[in-house]
Protein chains: 2
Amino acid sequence: MIPTEDKPSSSVARLYDHIKDQAISFRIKPGERLNEVDLAKKLGASRTPLREALNRLTAEGLLTFERGRGFFCRELKPREIFELYQLRATLEVASVRLACESATDKELDEVKDFLLETGTDRGSLSSEQLVEFDEIFHERIVSFTRNSEMARVLKNVNERIKFFRWVDMDNRRNETQHEHRNILQAICARDVDKAAELMNRHITRRLDQITAAVKEGYARIYMGSEGLDLD
Amino acid sequence: MIPTEDKPSSSVARLYDHIKDQAISFRIKPGERLNEVDLAKKLGASRTPLREALNRLTAEGLLTFERGRGFFCRELKPREIFELYQLRATLEVASVRLACESATDKELDEVKDFLLETGTDRGSLSSEQLVEFDEIFHERIVSFTRNSEMARVLKNVNERIKFFRWVDMDNRRNETQHEHRNILQAICARDVDKAAELMNRHITRRLDQITAAVKEGYARIYMGSEGLDLD
DNA sequence: TATTTCTAAACTGTATTCAATTTTGGAGAG
DNA sequence: CTCTCCAAAATTGAATACAGTTTAGAAATA
């Protein structure tokens, strides 16, 4: 969220990036309290830049803060994921509407090419890789809005639901690319309502679906992705 | 954005609130560089909590940061305001759609009452007060979505455009309440499309309109709101 | 055994100090 | 007059020190 500087990587930025990755992937567990002294030592810095990084991540919703108790990893709550999905759907639908008006044929061809390149041999890709491709597709669409504030919000939403999307992708590995193609076709046809409907359907999740996937997410976090590897 | 704690007000929170108000209102001027030493002395704290507060405000988009140069007030750019308005319109339209489905009649009656109470004698109110009422109306609508993430994004957007809205309100003091009533009527009638259309019209601004109001905004910032009071 | 109390250790909040970097302003040259 | 260079002052980035608060675990009590 805070742009990377042109200058030598600062301590704050390095810490921010590192902890962000850990928070996104729930390698820091939901609700886990961060010990500043340990973390600073482990990351080779003092508490001063560490706290600066933690403040940024808190403002972005990846961590939470309690005065006197310190910083914590955000929880993994179905209701929160549901709300983020609803927000995401709202913005992605608005994006395809704007894309139908603003995207050039050349730009859309490039997205078509991207879908072709990433459409093959999906069975062998990890869900992380699939989500990565999925994100790139959506980022392309959002870029057609020429609205950097929308892109910024969506980026933050995506960071906060990324872990959840890895889980979700395992149950939908084959559908999403098909859906992407249909969405893109509707945009190319400048069929606003169809594109909006397809995107909304592509993204919307019911709360019970989310709850089920969150349960699976907890299993991954606490048992590891290789099975019952308790740690 | 970061919730106020139940505990004694911390130095960071106090500094955050104070600087936030200054940034929202452009009492810190667009692009102005913040001097940490001076500011810390002026606010009666050390640089450590000050920098923590500044990091939060930067992540929220009210300030900007350059490594080696420090923290700055965000600029007042028409394009950015335009994008924030577009984002706002997207979310407010989605909100009235959800409100048509979710809001109880009792809740809507309360908003009606609010509009009645705040509908009289608008000529004597400051544009700040009018924007305040305007915000309350919109917050009520957004609360009907039961989506705290949408509310959160809208809150941030509103903070970042608040100054602009004061300027804009001076040119529209009589229209907005009328528009609010129409929007509310459409919601009460559960007429989704009409409510959405009215809200969209209520919020959308063309870039040229925004540019003109931003110019006026600069005049206020640099000449003061009492006329040519150069400071 | 479970619960409560208490104390020391650990941690958080912040002030101070120090090192590195940027800015400012004066002097000199064209 | 403008531009460049340079040194000193000022500022930013971060480490360390200190004070206040919270936590963990042991001891006492029911």
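Per chain, numbering begins at 1; letters A, B, ... match sequence-line order.
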Peer 1: Whole angstroms only, please: what is the CG-P distance between A/Leu50 and D/dA15?
Peer 2: 10 Å

Peer 1: Between B/Phe164 and B/Arg205, is there a cation-pi geometry (under 6.0 Å to ring centre, at most 45° from the normal)?
Peer 2: no

Peer 1: Hunt down any stem DNA chain D takes part in, defined as 3 or more consecutive Watson-Crick or G-U pairs whose two distances are each under 3.5 Å.
Peer 2: C:1-30 with D:1-30

Peer 1: Rounding to a whole Å, what distance do you find between A/Asn55:CG and C/dT14:C1'?
Peer 2: 13 Å

Peer 1: To the nearest Å, give me how far apart CD (A/Glu36) and P (D/dT22) are.
Peer 2: 14 Å

Peer 1: Please determine if a side-chain N or O atom of B/Arg67 lies less than 4.0 Å away from the OP1 or OP2 oxygen of C/dT22.
Peer 2: no

Peer 1: May I ask you to evaluate whether A/Arg51 reaches the phosphate of C/dT12, defined as a side-chain N or O under 4.0 Å from OP1 or OP2?
Peer 2: no

Peer 1: Is the Lys NZ or Arg CZ of A/Arg220 less than 6.0 Å from the centre of A/Phe163's six-membered ring, within 45° of the axis?
Peer 2: no

Peer 1: Look at B/Arg69 and C/dT23 and indicate whether a side-chain polar atom (N or O) is within less than 4.0 Å of OP1 or OP2.
Peer 2: yes

Peer 1: Which residues pass the side-chain hydrogen bond (donor to acceptor under 3.5 Å, both in side chains) test with A/Arg74, not counting sequence neighbours?
Peer 2: none

Peer 1: Measure from CG on A/Leu34 to P on C/dG13 and round the result to the nearest Å.
Peer 2: 12 Å

Peer 1: Does the plane of the ring in B/Phe133 sit parallel, tilted or perpendicular to the ring in B/Phe114? Use 30° and 60° as the thresholds.
Peer 2: perpendicular

Peer 1: Rounded off to whole Å, could you give me the CD-to-P distance for the B/Glu52 and D/dT12 pair?
Peer 2: 17 Å

Peer 1: Check each residue of residues 37-49 of chain A for a non-hydrogen atom within less than 4.0 Å of any atom in DNA chain D, then write out the ones that pass by number, or none.
Peer 2: A/Ala45, A/Ser46, A/Arg47, A/Thr48, A/Pro49

Peer 1: Atom CD of B/Glu66 and atom P of C/dT21: how far apart are they, to the nearest Å?
Peer 2: 17 Å

